[in-house]
2 protein chains.
Amino acid sequence: MNEGMGRMATKGEGATPRERYRTQLRTEIKERAWEQIAASGASGLSLNAIARQMGMSGPALYRYFASRDDLITELVRDAYRSLADTMRDAAASGADLAGLGHALRTWALDDPQRYFLVYGTPVPGYHAPDDITTIASEIMAGLLDAAQPAGDPADASADAAAADPDEARLEAHLAEHGQWAADHPAAPPALRRALSFWTRLHGILSLELAGHFTGMGLDPALLYDTELQQLTRRR
Amino acid sequence: MNEGMGRMATKGEGATPRERYRTQLRTEIKERAWEQIAASGASGLSLNAIARQMGMSGPALYRYFASRDDLITELVRDAYRSLADTMRDAAASGADLAGLGHALRTWALDDPQRYFLVYGTPVPGYHAPDDITTIASEIMAGLLDAAQPAGDPADASADAAAADPDEARLEAHLAEHGQWAADHPAAPPALRRALSFWTRLHGILSLELAGHFTGMGLDPALLYDTELQQLTRRR
DNA sequence: CTCGTTCGTTAGAAGTTATAACTGCCGCAG
DNA sequence: CTGCGGCAGTTATAACTTCTAACGAACGAG
């Protein structure tokens, strides 16, 4: 049926006018969707409202997205992609763990709802597509790369293990059940550092973005920087 | 108009039959709501579905809750109240910071969506009523109480401040802008401990409950315990 | 027993997602 | 340049949702 295609569907620049129009309209729909999400959250996203804003009526959008959940899934994918790119760029610019931490925070503050789309409350039934978890692994891999060269491995390992028996147990557990990020070659201390980096910074960030620090006269940036400082110091 | 009330509206046991029926039906509505939230999240809560389950039709529920948002707000309030009671009971049973940490985790695992109703993704426009923030302050106060007697204050303070200049800056900032929890009498190191307790445990818990640890072969309990161990050790 | 308050009902407005069927135009093949 | 296939966008419609309005019926206090 669709064998007689004039050009390859490369989706990029040199495509057929129809395809160019299609992708352009898709991105415009997504832009409107992001505006709505920033204003009312993901649950307040309305296809009809988007169509109204774009001057076309209701069901036209179903030519471009199979369903509302489909659109949201794509936005989640884009959010993951954006975070992964941000972290990769930061790492490419020679940023260490602290640099990645700051990159993460500026990315989160740039659009809180986008952060929540990645790390916020999940819908109980929902399972992310495989490519999204692939991007998540990519993010973790970048983190592990940055966590690797911090401090002499043997030194830090012995230090932490000696100071805390549970710490040793956790590192052993990480070394054993470490099918992380497509078997990334990272020593247990690096695994531990990346994990703490992730959980602690997310803890502060999510509480800040959710507004739980407002009203208690606390500077989130100072708290974040202090936590990051303690995180990048050899323990 | 409503002056001639037979008995005081004490809302408890000895009320007029109408009131007893009313409160009983309200709690049944909330129970069904919790079931739906556990199954489909807060955004999937449907008043019509609840009414259908209870054998009565649609708008009858508006006799008991002014709106859907009103019901959700009350559920959020109950969730806060439940967490505050759990923490208070744990503290009353002589639990230290570690005990509070375990109480928090069991409470969260008992109903993840209830946890997300408290600490999950917020709706951009929404502002919590005053009594809810009061309960939140109560929770923080209990945390500060538990964070107080851990270690000699002067010793720990000097230790942390000496090890990290940013740590000293943060503690000074906390001491200065410390209108926390209705001016709780807590020393800066205790403030710092309680804050780290909150942000770090929430970081791990929210990621675990959101399912971000699944698929990477990691035992969340071990991670949580290790973090809690490190948190309760004098730094 | 009477009467007012409350409960629950149905009807309906305004909104949503999503499908089906129809029109009109774009753009590629010949 | 022409013709026609396929895609875009339209309306109509179904099945939902929240929420208001108006009505009947039951309950309980006096």
Side-chain angles (χ1 to χ4, degrees), chain A residues 1-9 11 14-29 32-33 36-37 39-75 123 125-126, chain B residues 1-9 11 14-29 32-33 36-37 39-75 123 125-126:
Chain A
M1 281 293 183
N2 50 7
E3 222 54 49
M5 222 172 228
R7 309 175 188 186
M8 201 61 180
K11 191 192 183 179
T16 126
R18 275 242 163 97
E19 283 172 342
R20 281 163 50 96
Y21 179 77
R22 183 175 181 80
T23 62
Q24 184 226 338
L25 211 49
R26 274 179 65 96
T27 62
E28 184 176 347
I29 292 174
R32 305 284 184 173
Q36 274 200 14
I37 284 182
S40 324
S43 62
L45 194 153
S46 162
L47 289 188
N48 272 5
I50 293 176
R52 220 177 301 130
Q53 282 180 2
M54 294 181 61
M56 52 199 224
S57 231
L61 297 192
Y62 286 83
R63 294 272 172 198
Y64 304 93
F65 294 94
S67 70
R68 197 191 97 117
D69 284 359
D70 215 66
L71 171 58
I72 292 183
T73 295
E74 194 141 328
L75 295 177
V123 175
Y126 183 75
Chain B
M1 279 301 178
N2 50 8
E3 226 45 57
M5 225 173 224
R7 308 178 188 184
M8 201 61 182
K11 193 191 181 183
T16 129
R18 273 243 162 98
E19 283 172 342
R20 281 162 51 97
Y21 178 74
R22 184 175 180 80
T23 61
Q24 184 225 339
L25 210 50
R26 274 179 65 97
T27 62
E28 183 175 348
I29 292 174
R32 305 284 184 175
Q36 274 200 14
I37 285 181
S40 323
S43 62
L45 194 152
S46 161
L47 288 188
N48 271 5
I50 293 177
R52 220 176 301 129
Q53 283 180 2
M54 293 179 61
M56 53 200 224
S57 227
L61 297 193
Y62 286 82
R63 295 274 172 196
Y64 303 94
F65 294 94
S67 70
R68 195 190 99 117
D69 284 358
D70 216 65
L71 171 58
I72 292 183
T73 296
E74 194 141 330
L75 296 177
V123 175
Y126 183 75

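Convention: sequence-line order gives letters A, B, ...; per-chain numbering from 1. Everything quoted here is computed from the prediction, not taken from an experiment.
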Closest to side chain of A:Pro59, choosing from C:dA20, C:dT9, D:dT18 | C:dA20
Atom CD1 of B:Ile72 and atom C1' of D:dT18: how far apart are they, to the nearest Å?
-> 12 Å
Please determine if a side-chain N or O atom of B:Tyr64 lies less than 4.0 Å away from the OP1 or OP2 oxygen of C:dG8.
-> yes
Counting heavy atoms from C-beta on, name the nucleotide in D:dT17, C:dA18, D:dT11 closest to the side chain of B:Arg52.
-> D:dT17
Would you kindly give the CD-to-P distance between A:Glu19 and D:dG6, to the nearest whole Å?
-> 15 Å
Does a nitrogen or oxygen in the side chain of B:Ser46 sit under 4.0 Å from OP1 or OP2 of D:dT17?
-> yes
NA contact type, A:Leu25, heavy-atom cut-off 4.0 Å: base, sugar-phosphate, or nothing?
-> sugar-phosphate
B:Ile50 side, atom CD1; B:Phe65 side, atom CZ - distance, nearest 0.5 Å = 8.5 Å
B:Arg18 side chain, from C-beta outward: closest of C:dT16, D:dG28, D:dC7 | D:dG28
Given D:dG28, D:dT17, D:dT10, the nucleotide with the shortest approach to the side chain of A:Ala60 | D:dT10
Establish, with yes or no, whether the OP1 or OP2 oxygen of D:dT18 is under 4.0 angstrom from a side-chain nitrogen or oxygen of B:Asn48.
-> yes
Quick one: is C:dG27 close enough that its OP1 or OP2 comes under 4.0 Å of any side-chain N or O from A:Arg20?
-> no
For the pair made of CG in A:Leu45 and C1' in C:dT16, what is the distance, rounded to whole Å?
-> 12 Å
Judged by modelled atom types alone, do B:Tyr62 and B:Ser67 share a side-chain donor-acceptor pair under 3.5 Å?
-> no
Calculate the interatomic distance between A:Met56 atom CE and D:dA8 atom P; express it in whole Å.
-> 10 Å
Given D:dT17, D:dA29, D:dA8, the nucleotide with the shortest approach to the side chain of A:Tyr21 | D:dA8
Hey, what do you get for CG (A:Leu47) to CD (A:Gln36), rounding to the nearest 0.5 Å?
-> 8.5 Å
Atom pair distance, as rounded to whole Å: CD in B:Gln53 and P in D:dT17 = 12 Å
What closest approach, in Å, do A:Leu61 and A:Ala51 show between heavy atoms, and which atom pair accounts for it?
-> CD1-N, 3.9 Å
So, is B:Arg22 near the phosphate of C:dC7, with a side-chain N or O under 4.0 Å from OP1 or OP2?
-> yes
Name the one of A:Gln24, A:Gln53, A:Glu74, A:Met54 that satisfies side-chain contact (heavy atoms from CB on, under 4.5 Å) with A:Ile29?
-> A:Met54
Is A:Arg32 reaching over with its side chain to a backbone N or O of A:Thr27, donor-acceptor style, under 3.5 angstrom?
-> no
d(OH, B:Tyr62; C1', D:dA22) in whole Å = 17 Å
Grab the CZ-C1' distance between B:Arg26 and C:dC7 for me, whole Å please.
-> 15 Å
Rounded to the nearest Å, what distance is computed from the CG atom of residue B:Leu61 to the P atom of nucleotide D:dT18?
-> 9 Å
Touch class at under 4.0 angstrom, heavy-atom based, for B:Arg68 against every strand present | sugar-phosphate
What does B:Arg63 touch in the nucleic acid at a heavy-atom separation under 4.0 angstrom: a base, only the sugar-phosphate, or nothing?
-> base
